[in-house]
Colleague: 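I'd like to ask you about the structure that follows.
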Amino acid sequence: TRTNLDLAAAYGEFAAGLDETDRLLACDAQTSGGLFVSLPAERAEGLPWPVIGRLVAGEPGTVFLG
């Protein structure tokens with residue numbers, strides 16, 4: 001997991017507000033890099049898990065978790 005986190009630095013960026021636990025969960029080796037769901041923002045409201053990112057315009061191949 002820590003190796004995955006180190007490797008993610010090549011193409012990813014984490015928001016300053018994400019603590020180490022959030023960063024490690026995003027790179028969890030047990031799930032091959034974390035479990036994510038992508039859906040419209042209005043559908044995410046009220047779900048039992050936190051929203052940890054959004055799709056935004058940017059350089060292709062870059063991941064920002066905020």
Side-chain angles (χ1 to χ4, degrees):
T1 296
R2 290 196 184 278
T3 299
N4 286 349
L5 182 58
D6 291 342
L7 294 171
Y11 61 86
E13 181 182 345
F14 293 95
L18 291 179
D19 64 16
E20 183 181 34
T21 300
D22 292 329
R23 293 169 190 231
L24 288 170
L25 283 172
C27 298
D28 185 4
Q30 296 180 79
T31 60
S32 298
L35 297 174
F36 293 102
V37 125
S38 178
L39 61 144
E42 63 273 6
R43 293 198 48 212
E45 294 178 20
L47 293 176
W49 50 78
V51 173
I52 62 168
R54 288 178 175 55
L55 295 175
V56 296
E59 184 178 341
T62 301
V63 177
F64 175 79
L65 291 175

Colleague: Nearest 0.5 Å please: distance from the SG atom of C27 over to the CG atom of L5.
Modeller: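 One gets 4.5 Å once the value is rounded to the nearest 0.5 Å.
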
Colleague: Among all residues two or more places apart in sequence or in another chain, which pass the side chain to side chain contact (heavy atoms under 4.5 Å, CB included) test with T3?
Modeller: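 T3: side chain to side chain contact (heavy atoms under 4.5 Å, CB included) contacts with L7.
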
Colleague: Could you measure the distance from the CG atom of L25 to the CD atom of Q30? Nearest 0.5 Å is fine.
Modeller: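 So the gap between those two atoms works out to 10.0 Å.
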
Colleague: What pairs meet the salt bridge (Lys or Arg N to Asp or Glu O under 4.0 Å) rule with one or both residues in residues 1-18, with sequence neighbours excluded?
Modeller: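 Passing the test, one end in residues 1-18: R2-E20.
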
Colleague: Working to the nearest 0.5 angstrom, can you tell me the gap between L18 CG and L24 CG?
Modeller: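 Output value for this atom pair is 11.0 Å.
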
Colleague: Could you pull out all residues at least two apart from E45 that satisfy salt bridge (charged side-chain N to carboxylate O under 4.0 Å, His left out)?
Modeller: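 Listed in chain order: nothing, the list is empty.
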
